[in-house]
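Positions are given from 1 along the sequence.
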Amino acid sequence: MSMPGDVVYRRVKVKSALSKSGLYDLDYAYNPYVGCLHGCTYCYARAYVKDVEVSGNWGRIVYIKENILELLREEVKRKPRGIVGVSTLTDPYQSVEAEEKLTRRGIEILLKNNFRVSIQTKSPLVTRDVDLLGKYTSLVDVGFTITTLDPEVSRLIEPGAPPPPERARALRLVSRAGIYTWVFIGPIIRGINDSRKNLEEIIGLAAETDSKVYYDYLHIKPGLRESMREIIDKNPKVFVMGAQWRSGVEGLLRDLCRKYIVDCKAAFPQEKQTSQYKITQYL
């Protein structure tokens with residue numbers, strides 16, 4: 001079926017609801033959709049999606065897992081309790097969720113069965129579910145990916161995602177509801193969002209909302225040179241991320257986090273990295 005924005009949605013049946021996570025801080029992943037209409041240029045989740053139709057048309061085709069809730073109801077009865085990432089290969093609150101509610105209903109099943117839920121999104125739609133999340137504050141955290149608060153920069157690198165001011169308002173609302181929140185600054189891209197002004201605005205927002213900050217840099221994966229072609233043309237050094245540049249950004253982040261008294265840490269502590277990066281962070 002087609003929906004506004006020239007995005008094609010297809011309903012599919014799947015064999016499982018929860019997948020084992022390869023990320024050091026998650027036990028499972030719950031991905032109610034395949035693909036993501038945000039179409040962020042830096043997102044390499046497409047490289048991990050097996051469906052060629054989706055990966056080859058990233059941001060234009062999304063699959064809806066129509067039987068995922070019935071599978072989830074059965075799986076929570078037999079799987080060991082753990083932390084579930086919602087989501088790791090898609091944004092769980094992209095616009096189709098407003099109608100389908102596979103994210104909300106899935107989270108409700110997980111929480112009622114005493115699974116911890118870690119949500120990451122770019123969408124203000126998550127505020128719809130504050131009534132549910134607020135009942136389980138000891139089991140829930142909500143993270144917002146905010147690479148910049150400048151709408152123009154955001155349109156360049158994440159053209160289909162909700163504007164940063166909408167994310168900031170959503171973060172404030174979720175935080176005021178007493179739900180643990182965090183901000184992900186990632187990826188940090190050379191010459192695009194690595195300025196002191198940009199980072200200070202985001203860390204200031206984190207301080208305002210009592211949110212923790214995680215940060216990470218651009219990871220070069222297959223297909224990114226093509227999806228980021230316009231950005232590379234404007235700034236050929238985007239993929240040149242040497243030790244000196246990274247050290248400078250690290251120092252800047254440390255200074256700003258001290259200034260605003262914000263708990264900041266790398267998303268991938270070197271000693272805890274696995275062979276798979278935290279793909280969800282780029283959605």
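- Around atom CG of Asn235, more than 12 heavy atoms belonging to other residues, nucleotides or ligands sit under 6.0 Å away.
- With hydrogens and angles ignored, the 3.5 Å screen pairs no side-chain donor or acceptor of Ser87 with any backbone N or O of Leu89.
- Within the 4.5 Å cutoff, no side-chain heavy atoms of Val62 are placed close to those of Val34.
- Taking the charged nitrogens against the carboxylate oxygens, Asp263 and Lys212 do have a contact shorter than 4.0 Å, which makes a salt bridge.
- Considering every non-hydrogen atom in both Phe115 and Val84, the closest pair reads CD2-CG2, 3.9 Å.
- Residue Ala161 comes nearest to Lys122 through the heavy atom pair CB-CD, 3.8 Å, listed as atom of the first residue, atom of the second, then distance.
- Between Arg105 and Glu108 there is no salt bridge, since none of the side-chain N atoms of the basic residue sits less than 4.0 Å from a carboxylate O of the acidic one.
- Counting heavy atoms from C-beta outward, Ser118 and Leu26 have side chains that approach closer than 4.5 Å.
- When all heavy atoms of Gly178 and Thr137 are compared, the pair lying nearest together is O-CG2, 3.7 Å.
- We find that Glu100 and Arg11 are joined by a salt bridge, their nearest charged nitrogen and carboxylate oxygen being less than 4.0 Å apart.
- Considering all non-hydrogen atoms of both residues, Leu252 and Ser195 come closest at CD2-C, 4.2 Å.
- Side-chain contact annotation: Asn193 with Thr148, donor-acceptor N/O pair under 3.5 Å absent.
- Thr41 places none of its side-chain heavy atoms less than 4.5 Å from the side chain of Trp58.
- Distance NZ/Lys259 to CD/Glu200: 3.5 Å, rounded to 0.5 Å.
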Could you go through the disulfide bond (SG atoms under 2.5 Å apart) check for Cys36 and Cys43 one step at a time?
CA-CA 10 Å; Cys36 183; Cys43 181; over 6 Å; no

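- In this view, Arg258 and Asp255 satisfy the salt bridge (charged side-chain N to carboxylate O under 4.0 Å, His left out) rule, not counting sequence neighbours.
- Between Pro32 and Ile68, the shortest heavy-atom distance links the atoms CA-CD1, 3.8 Å.
- Here the straight-line distance linking atom CD1 of Ile231 with atom CZ of Arg225 works out to 13.0 Å at 0.5 Å rounding.
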Carefully, step by step, assess Phe184 and Val213 under the rule side-chain contact (heavy atoms from CB on, under 4.5 Å).
CA-CA 6 Å; Phe184 179 70; Val213 167; over 6 Å; no

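- Salt bridge annotation for Arg104-Asp131: present, with a cationic side-chain nitrogen under 4.0 angstrom from a carboxylate oxygen.
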Walk me through whether Ile232 and Phe239 qualify under side-chain contact (heavy atoms from CB on, under 4.5 Å).
CA-CA 8 Å; Ile232 296 171; Phe239 283 6; 4.0 Å; yes

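- Applying the salt bridge (Lys or Arg N to Asp or Glu O under 4.0 Å) test to residues at least two apart or on different chains, the pairs with a partner in residues 147-161 are Glu158-Arg167.
- Aromatic rings of Trp245 and Tyr217 (six-membered ring for Trp) have centroids within the 6.0 Å cut-off, being under it.
- Of the possible polar contacts, one joining the Ser227 side chain to the Leu224 backbone as a donor-acceptor pair under 3.5 Å is found.
- By the 4.0 Å N-to-carboxylate-O rule, Glu97 lies too far from Lys101 to be salt-bridged with it.
- Residues Tyr215 and Ile188 form a side-chain contact, since some pair of their non-hydrogen atoms from C-beta on lies under 4.5 Å apart.
- Residues Arg172 and Glu208 are paired through a salt bridge, judged by an N-O separation under 4.0 Å between the basic side chain and the carboxylate.
- In summary, the side chains of Asn31 and Thr88 do present a donor paired with an acceptor at a separation below 3.5 Å, with no hydrogens or angles considered.
- Without hydrogens or angle criteria, Asp91 side chain to Tyr93 main chain gives a donor-acceptor distance under 3.5 Å.
- With values rounded to the nearest 0.5 angstrom, Leu69 atom CG is found 5.0 Å from Ile109 atom CD1.
- Atom CG in Asp25 sits 7.0 Å away from atom OH in Tyr214 (nearest 0.5 Å).
- A salt bridge between Arg246 and Glu250 is absent, with no side-chain N of the basic residue lying under 4.0 Å from a carboxylate O of the acidic one.
- Side-chain atoms of Ile64 and Leu102, non-hydrogen and from C-beta on, do get closer than 4.5 Å to each other.
- Panel note: side chain Asn198, backbone Asp194; no donor-acceptor pair is recorded below 3.5 Å.
- Counting only N and O atoms by type, the side chains of Ser175 and Thr209 include no donor and acceptor under 3.5 Å apart.
- Considering only heavy atoms from C-beta on, Gln120 stays 4.5 Å or farther from Val86 through its side chain.
- For Ala267 against Asp216, the heavy-atom pair with the smallest separation is CB-CB, 4.2 Å.
- Interatomic distance, CD1 of Ile179 versus CG of Leu132, reported as 9.0 Å (0.5 Å rounding).
- Residues Leu218 and Met241 have side chains in contact (heavy-atom distance under 4.5 Å, counting atoms from C-beta outward).
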List the steps and the verdict of side-chain contact (heavy atoms from CB on, under 4.5 Å) for Val142 and Val126.
CA-CA 9 Å; Val142 177; Val126 67; 4.3 Å; yes

Candidate pair Glu74 and Arg78, rule salt bridge (charged side-chain N to carboxylate O under 4.0 Å, His left out), full reasoning
CA-CA 7 Å; Glu74 293 303 313; Arg78 63 176 187 271; 5.4 Å; no

The test is side-chain contact (heavy atoms from CB on, under 4.5 Å); show your working for Leu37 and Tyr9 and say whether it passes.
CA-CA 10 Å; Leu37 66 81; Tyr9 292 87; 2.9 Å; yes

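- The distance from the CG atom of Leu139 to the CZ atom of Arg116 is 6.0 Å, given to the nearest 0.5 Å.
- Under 3.5 Å, the side chains of Gln94 and Ser123 contain no donor-acceptor pair of N or O atoms.
- When atom types are taken as modelled, the side chain of Arg81 and the backbone of Val76 share a donor-acceptor pair closer than 3.5 angstrom.
- You'll find the side chain of Phe268 reaches within 4.5 Å of the side chain of His219, heavy atoms only.
- In this structure, Thr90 contributes its side chain and Gly35 its backbone to a donor-acceptor pair below 3.5 Å.
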